[in-house]
Each structure stands twice: as C-alpha cells, then as structure tokens.
Amino acid sequence: MGRASRVRAAGRAERTSNGGLLFREPHPADEAALVELLGRVEFIRPETGVELAHAVAYRRRLDPSCGVRAAWVAERRRGEVVGVLAAAPPLGWIGSIKTLSPGHRSYIAQHIVEAEALSVGPEARGRGLGHRMIETAAAHYAGLGYRLMLGTTTTPSLAPYYRRAGFTVLAPGEGIAVADPLGMVLHRPADPHVVQMWKPLHREVAVVDRRTPDGTPLRLLTGVLVPPADAPKVVRQDDGSLTISDGGVRQTIDAQTAALMKRMYLTPVTEEEVRAGAPEALRYGMEPVLAARLRKVSGRSLSDLMGRPRGAGAAAGRS
C-alpha cells in the first residue's frame with residue numbers, strides 16, 4: 001500500500017495463535033529489518049521506504065491536530081521481524097484541499113486514516129499475516145473514532161487480496177468521493193496507474209449513487225465525517241423556527257432567519273468562489289465554503305454583514 005494522531009500507543013503486544021507470532025509496537029532496533037521490508041513496497045519516491053522505516057522504528061508521532069500515526073510489526077519467537085503495517089491520516093490529500101480551514105482539515109484527520117504501507121517477508125507469507133495486521137490496525141483506529149481506512153496500490157493483481165481483507169477496491173485511476181457535513185464533496189483523485197481502496201471502520205459508512213451538476217455519475221461515501229458528540233443540537237419547531245442547544249445554553253432562531261440559513265446551505269458555489277473569499281472567511285473564523293454561500297445568498301461581503309472581524313480593532317491599535 002502507498003503513503004499517506006489524538007496520540008495513543010499502537011496497542012499492547014498480542015501473541016497470535018498462528019506460528020507463535022507477536023504483534024507489537026516497533027522499536028529502534030527494528031530499523032534495519034523495516035528498511036528491508038519496506039524496500040519491497042512500490043513508493044512513488046524511492047527514498048520513502050527508508051524515511052518511513054526510520055519514522056516507524058522511532059515511533060514518530062504527529063501533532064495532535066494532524067491525527068494519529070501508528071504502526072505494528074510481526075515478530076517471530078526468535079525476535080525476527082517478518083511483517084510491518086504503518087498507518088496515518090492522508091495528510092497530503094487533506095492539505096491539498098485549499099478550500100478548507102485548518103480546523104476542518106484537523107477534523108478530517110480525526111476520521112480518515114490511510115494504510116501507508118503493508119509488507120510481509122517471503123518466509124511468512126501465505127498464512128494470513130497481512131490480513132491480521134490490517135484487522136489489528138482497523139480495530140485500533142475504530143476505537144479512536146476513525147470511520148474510514150484508505151489504501152492504494154500500483155499492482156492491480158493484488159485487488160483480490162485486499163477485497164478479502166474487507167476493502168472495496170476501485171478501478172485503476174478511479175477517485176474516491178467523501179460527503180462532508182458542510183455540503184461539499186471531498187474528491188481524492190488517482191493517477192491512471194494507481195488503484196485506490198477503502199474499508200469502513202463504522203457501520204454507518206455507506207455508498208450512495210449521486211450525480212454531479214453536469215450529470216456525471218458519482219459514488220459517494222457517506223457516514224464518514226460526522227459532527228462530534230458534543231456538537232450543538234438543533235431542533236426545528238412546527239412554526240419553522242430553530243432551537244439550538246449548546247452546553248446548557250439555548251438559542252432560538254426565528255423562522256425567517258432559519259429559512260435564509262437553509263437557503264444558504266443549499267446554495268451551490270464553485271471552487272473559484274470559495275477560493276476568492278477564503279482569506280476574508282478565515283479572518284472571521286468561518287469555513288470558506290459557508291462564507292461563499294452567505295455572500296452569494298445575501299449579495300454582500302462579510303464585512304458588510306458582520307462588521308470588522310473580532311480582534312481587528314485591537315490589532316490595528318498595536319500597529
């Protein structure tokens with residue numbers, strides 16, 4: 001698999017019943033064995049295997065805002081490392097979506113993980129070791145609240161192997177589309193020779209068939225990105241008004257404003273419109289896509305609607 005954390009250990013060592021193998025966290029002493037194992041993986045950059053082996057061996061953690069990186073090695077009784085799986089959020093893809101705020105990127109990195117690399121030595125193949133390592137990683141990340149595991153390969157003949165491991169394997173060059181609570185679709189494209197795959201980590205993850213505005217069929221993953229458990233609760237009343245409860249505080253929004261909010265949420269905006277207003281949106285602490293919809297519905301800028309950004313006056317006074 002190709003490249004892509006709330007910080008938490010990768011899990012206690014677990015001795016399996018197949019061949020007396022031990023699944024455990026990597027140690028610095030494993031680096032040479034990991035370089036050899038990861039040298040068998042086809043990365044886009046040849047040096048990636050060595051870099052990843054070092055990061056795995058020394059258990060390099062990510063900043064908590066970037067999600068969780070974890071890895072496991074499979075060890076024989078005599079201490080020989082014969083398998084490795086490394087996983088982390090797909091930060092390269094997430095960071096490439098320029099229409100998202102830093103906070104929203106962090107939110108995605110807490111829900112989607114990628115199997116960066118899986119490698120099993122020739123002497124340990126044919127016993128289901130790779131599948132068990134995938135299930136170990138899937139259970140770990142599901143326990144952290146992640147809902148989707150991604151993977152890539154440049155070897156289409158491995159598709160049956162990954163299907164048996166619970167992945168939905170796409171055609172070479174086929175992209176992945178994930179529904180976002182803000183009403184966006186997050187597209188992860190693939191080069192023509194790259195095979196993408198995904199594995200659900202939560203029972204609510206599902207695929208729905210949609211069409212893009214130009215009529216192109218779209219297979220959309222839903223149930224992946226969901227509001228946190230402590231998100232405000234919104235209840236629509238019979239008169240059309242909304243009651244919002246957040247941390248013991250209740251607020252009522254009248255029916256006219258609620259209708260405007262619904263219209264805003266349903267208003268389509270182009271990526272160009274989102275990008276054009278992103279700097280202003282971030283000054284107001286708003287998601288760029290929501291700010292673009294608000295400007296389009298109202299026909300006014302954020303400064304016209306909301307006045308100066310909070311803290312702008314103090315900043316001007318210090319300049």
Side-chain angles (χ1 to χ4, degrees), residues 1-4 44 89-101 104-105 107-109 111-115 146-160 162-163 165-227 261-278 281 286-297 299:
M1 287 188 169
R3 281 213 77 147
I44 295 175
L91 299 179
W93 168 54
I94 296 171
S96 72
I97 308 174
K98 303 303 183 184
T99 54
L100 300 177
S101 69
H104 201 67
R105 291 194 189 108
Y107 159 80
I108 296 170
H111 287 77
I112 301 176
V113 66
E114 179 170 18
Y146 282 76
R147 287 181 164 236
L148 187 70
M149 177 178 282
L150 303 178
T152 61
T153 181
T154 55
T155 309
S157 61
L158 289 176
Y162 287 113
R163 289 193 183 99
F167 283 91
T168 294
V169 182
L170 307 181
E174 185 177 353
I176 289 175
V178 178
D180 184 274
L182 296 180
M184 301 182 291
V185 175
L186 306 180
H187 293 277
R188 192 188 195 207
D191 290 332
H193 67 288
V194 174
V195 175
Q196 295 202 92
M197 63 192 81
W198 58 271
K199 177 182 175 69
L201 302 182
H202 193 282
R203 55 185 172 78
E204 292 181 357
V205 175
V207 178
V208 297
D209 291 320
R210 298 279 176 84
R211 289 190 177 275
T212 61
D214 65 1
T216 303
L218 177 70
R219 303 212 75 196
L220 186 65
L221 282 167
T222 63
V224 176
L225 302 173
V226 296
M261 290 174 62
K262 181 179 180 180
R263 181 181 161 204
M264 179 189 75
Y265 185 81
L266 296 176
T267 297
V269 289
T270 65
E271 185 172 335
E272 289 72 21
E273 289 171 324
V274 176
R275 286 178 182 274
M286 290 184 68
E287 284 297 328
V289 66
L290 295 182
R293 289 173 181 156
L294 180 59
R295 288 194 303 272
K296 196 166 188 177
V297 167

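Note that the coordinates shown come from a computational prediction; the quantities given were computed from them, not determined experimentally. Note: hydrogens, waters and symmetry copies are ignored here, and every other heavy atom, side chains too, is used.
A pairwise comparison of heavy atoms in Pro160 and Ser157 identifies CD-O, 3.3 Å as the closest pair. Contact detail for Trp198 and Leu150: the closest heavy-atom pair is CB-CD2, 3.9 Å. For the pair His104 and Asp180, the tightest heavy-atom approach, listed with the atom from each and the gap, is NE2-OD2, 2.6 Å. The minimum heavy-atom distance linking Pro89 with Ala109 is given by the pair CG-O, 3.4 Å. Between Val185 and Ala177, the shortest heavy-atom contact is CG1-CB, 3.7 Å. Across all non-hydrogen atoms, the minimal contact from Val178 to Leu220 is C-CD1, 3.8 Å.
Open room surrounds CD1 on Ile44; 12 or fewer heavy atoms of other groups in view lie less than 6.0 Å from it.
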*Could you walk me through whether Leu158 and Val195 pass the side-chain contact (heavy atoms from CB on, under 4.5 Å) check?*
CA-CA 10 Å; Leu158 289 176; Val195 175; over 6 Å; no
*Go through the steps for Leu218 and His187 under the test side-chain contact (heavy atoms from CB on, under 4.5 Å), then give the verdict.*
CA-CA 10 Å; Leu218 177 70; His187 293 277; 3.9 Å; yes
_Residue pair Ile108, Arg105: steps toward the side-chain contact (heavy atoms from CB on, under 4.5 Å) verdict_ = CA-CA 5 Å; Ile108 296 170; Arg105 291 194 189 108; 5.7 Å; no
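Scored by the side-chain hydrogen bond (donor to acceptor under 3.5 Å, both in side chains) test, Arg219 finds Asp209 as partners (sequence neighbours excluded). Scanning for side-chain hydrogen bond (donor to acceptor under 3.5 Å, both in side chains) contacts around Ser101 gives Glu287, with sequence neighbours left out. Remark: Glu204 engages Arg147 in a salt bridge (Lys or Arg N to Asp or Glu O under 4.0 Å) (not counting sequence neighbours). Here Arg275 pairs with Glu271 under the side-chain hydrogen bond (donor to acceptor under 3.5 Å, both in side chains) rule; sequence neighbours left out. Under the rule for a side-chain hydrogen bond (donor to acceptor under 3.5 Å, both in side chains), the partners of Thr154 that lie at least two apart in sequence or sit in another chain are Glu42. Arg295 meets the salt bridge (Lys or Arg N to Asp or Glu O under 4.0 Å) test with Glu280; sequence neighbours excluded.
The CD1 atom of Ile97 sits 10.0 Å away from atom CZ of Arg188, with the distance rounded to the nearest 0.5 Å. Here Leu148 contributes atom CG and His202 contributes atom NE2; the two are 12.5 Å apart, rounded to the nearest 0.5 Å. Rounding to the nearest 0.5 Å places OH of Tyr107 at 11.5 Å from CD1 of Ile94. Here Leu91 contributes atom CG and Ile112 contributes atom CD1; the two are 11.0 Å apart, rounded to the nearest 0.5 Å. With rounding to the nearest 0.5 Å, the separation of CG in Leu294 from OG1 in Thr267 is 9.5 Å.
Judged by distance alone, the side chain of Trp93 and the main-chain N or O of Pro189 form no donor-acceptor pair under 3.5 Å. The closest donor-acceptor contact from the side chain of Gln196 to the backbone of Glu174 lies under 3.5 Å.
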